[in-house]
Undergrad: 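Just passing along the structure, written as structure tokens.
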Amino acid sequence: MIEELRALAGRPVIIGAGIAGLMTALRLAPEPVVILSKAALGGDSSSAWAQGGLAASLGENDDPALHLADTLAAGDGLCDREMAERITRAAPVAIEDLSRLGVRFDRRADGAPALGLEAAHSRHRIIHAAGDATGREIIRALVEAVRRTPSIAVLEGFEVRRLLVEDGAVVGVLAASARGAASLATTRVVIATGGIGGLFERSTNPDACFGQGLALAARAGAVLADLEFIQFHPTALAGSLRPAPLISEAVRGEGAVLVDETGDRFLADEPGAELAPRDVVARGVWRRLAQGHAVFLDARRQPGARFAQRFPAITAACRSAGLDPATQLIPIRPAAHYHMGGVAVDAAGRSSLSGLWACGEAARTGLHGANRLASNSLIEAIVCAGWVAASVAGAAAGAGRRTQPSTASVPPAPDPLAVRGAVSRGVGILRDETGLASTISALLPLACGGGPASDPALLGLMIAVAALRRRESRGAHWRTDFPSRDSGAKRSTLSLDEALAAFGPAADSRRPIARRA
Ligand SMILES: Cc1cc2nc3c(=O)[nH]c(=O)nc-3n(C[C@H](O)[C@H](O)[C@H](O)COP(=O)(O)OP(=O)(O)OC[C@H]3O[C@@H](n4cnc5c(N)ncnc54)[C@H](O)[C@@H]3O)c2cc1C
């Protein structure tokens, strides 16, 4: 295996094979590139689970400027306007690119794209595929395209455990596989490892998505941004399944409403009602549950009998829980769903660390601000993959680290199980100083321990520090002890050193949190 990897030295390395990783590799072609993926291509990814679709201003009465306005409104004052403008403008062309790559989008009888409506969108602009199996269809097409592209080397079953850094620049990656540990020398690495839902007790994300790329980047010295902004989806199917099956917003877009066990439509007076921004709906549901009520999605009237045809995957999930969504109330609870924060990147996807880029959910581009507009993440990944690829291709290829690091330096496989309770209690839908401080105290020893919980705890700790520092409520970050908005608020940035410094000299003595392999 070592020989096999040596032959690939010097190529750009993409970590993760969801939509962001696959698309970046395809955009780099014919430049040789390596994809390292924990699972088989597209496996264990949020991408494969995406239901609703991709937001793009394709309708006759739509315009990128309207898509931008909705994105900025949802982002609650913290979007990077220039980036949001570039991405919303590029979205329609990105859909054409996907069609050319073989994605079969749903179309109306006249051949025009079938466009759905989702929360906080002022127009029908959600293009979908295979009904509510959009992610599965895109992954199918991209995996096929990657497999027929000879310049892309695919290493499946490889989990990257550390970035190798020398003199402030990336020189390689350290990975583990069933065949043992290995390092790959490269001066160009793209983190495309997805979201952080696996850090929570209830999440719609596959368990493999627990922010490993963010921990790798932080340990290597890269700056992370907006970590405190975590989107909770208001309508995941209640129960103990992992991941929690998602009942897409598109169901509410088709007319389903939220009710409690008494039949009270408790969000009816909220501006936008059930289609208010996700954070508003999630808090409304959370508070209703906290009052001791049960909460249901009522789709019996709308979409009613059309449910199974429009939402086949959701129908299957409900039926496996013993429910018919067209005739019965669907019990729901919020679940951690999407991370607006991530590795801080510029317009080309470059991080603060030389040789490190990020793309997809792991990146903080500035599109989402404090709250993501529904269906803006797949499109962000597709659009930004092109810009990341151009930047990576334009960067000089260095040799990377030539000596093989000792396999003893490979950390154990990370496991977020031990951190889920503390993370869920401290940085859930409603936060306060006491809860955040107790989460930090619980996570600090785990982060310093060097065991399987170390990387997940380190990231959970950084999220809690970012949430503690933001003494206001905005978008998806709600502090019960600081319920108002701070008019001067800005995006937040945090490095590992800053997070540790927040705990004073005592934390400095715990520096065995190794930053570099
Ligand atoms: C249920 C659900 C429904 C959604 N619906 C929509 C929707 O309708 N529209 C929309 O825009 N967004 C939706 N989203 C969000 C969207 O799917 C994600 O934001 C997007 O797919 C993320 O893509 P990605 O490529 O960045 O990450 P992912 O698709 O999660 O891929 C990351 C990959 O990296 C791998 N990986 C992680 N760490 C390592 C490592 N150390 N070494 C090697 N490999 C690693 C993982 O195994 C995974 O395969 C949904 C999300 C979920 C969970």
Side-chain angles (χ1 to χ4, degrees), residues 13-25 35-56 91 116 118 126-129 132-136 138-139 142-143 155-163 173-177 189-198 203-217 231 233 235-237 243-250 253 313-314 317 335-340 342-343 358-363 367-368 372-382 384-385 411 413-414 455:
V13 168
I14 297 169
I15 311 173
I19 279 172
L22 296 170
M23 199 66 193
T24 305
I35 298 182
L36 288 178
S37 175
K38 275 202 275 204
L41 289 187
D44 276 351
S45 70
S46 290
S47 298
W49 292 80
Q51 295 179 343
L54 301 88
E118 285 191 348
I126 315 302
I127 183 159
H128 43 86
D132 57 356
T134 307
R136 202 173 62 207
I138 300 177
I139 285 287
L142 296 189
V143 167
L155 295 176
E156 292 162 299
F158 280 76
E159 181 175 65
V160 176
R161 302 259 176 94
R162 283 292 176 267
L163 301 180
V173 299
L174 197 55
S177 77
V189 170
V190 181
I191 299 240
T193 50
I196 62 161
S203 172
T204 61
N205 295 185
D207 277 353
C209 296
F210 53 84
Q212 215 178 337
L214 272 59
L216 294 175
Q231 186 168 79
H233 200 290
T235 56
L237 190 63
L246 181 70
I247 315 293
S248 164
E249 214 137 43
I314 299 173
H337 183 56
Y338 183 80
H339 196 200
M340 277 70 77
V343 179
C359 188
E361 192 167 337
L367 174 68
H368 310 299
R372 175 186 68 127
L373 183 66
S375 287
N376 258 357
S377 42
L378 294 177
I379 199 69
E380 177 194 43
I382 301 289
C384 292
D455 278 7

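Counting convention: from 1, in listed order, for ligands and their atoms alike. Sequential numbering from 1 along the given sequence is applied to the chain's residues.
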Undergrad: At what distance is the nearest protein heavy atom to atom 15 (C) of ligand 1, and which residue and atom is it?
TA: S377 OG, 3.4 Å

Undergrad: Is G43 in contact with ligand 1, taking contact as a heavy-atom separation below 4.0 Å?
TA: yes

Undergrad: Give a yes/no verdict on whether any heavy atom in A381 is under 4.0 Å from an atom of ligand 1.
TA: no

Undergrad: Can you pull out the closest protein heavy atom to atom 50 (C) of ligand 1? Residue, atom name and distance to 0.1 Å, please.
TA: H337 CE1, 3.7 Å

Undergrad: Is the closest heavy atom of G135 to ligand 1 under 4.0 Å?
TA: no

Undergrad: Run the contact test for S375 against ligand 1 with a 4.0 Å cut-off on heavy atoms, strictly below, and give the result.
TA: yes

Undergrad: What atoms of ligand 1 come within less than 4.0 Å of a heavy atom belonging to T193?
TA: 32 (C), 34 (O), 37 (C), 38 (N), 39 (C)

Undergrad: Could you establish whether T134 and ligand 1 come within less than 4.0 Å of each other, counting only heavy atoms on the residue side?
TA: no

Undergrad: What protein heavy atom sits nearest atom 18 (C) of ligand 1, and how far off is it?
TA: E361 OE1, 3.3 Å

Undergrad: Please report which non-hydrogen protein atom sits nearest to atom 21 (O) of ligand 1, along with the residue it belongs to and the distance in Å to one decimal place.
TA: S47 OG, 2.8 Å

Undergrad: Sequence neighbours left out, what passes salt bridge (charged side-chain N to carboxylate O under 4.0 Å, His left out) with E249? Give chain and number order.
TA: R252, R278

Undergrad: Holding to ring-ring contact (aromatic ring centres under 6.0 Å, His included), I want the full list of residues that pass it with H337, two or more places apart in sequence or in another chain.
TA: H233

Undergrad: Contact between ligand 1 and A192 is defined here as a heavy atom of the residue under 4.0 Å from a ligand atom; is it met?
TA: yes

Undergrad: Tell me, please: is E156 in heavy-atom contact with ligand 1, that is, under 4.0 Å?
TA: no

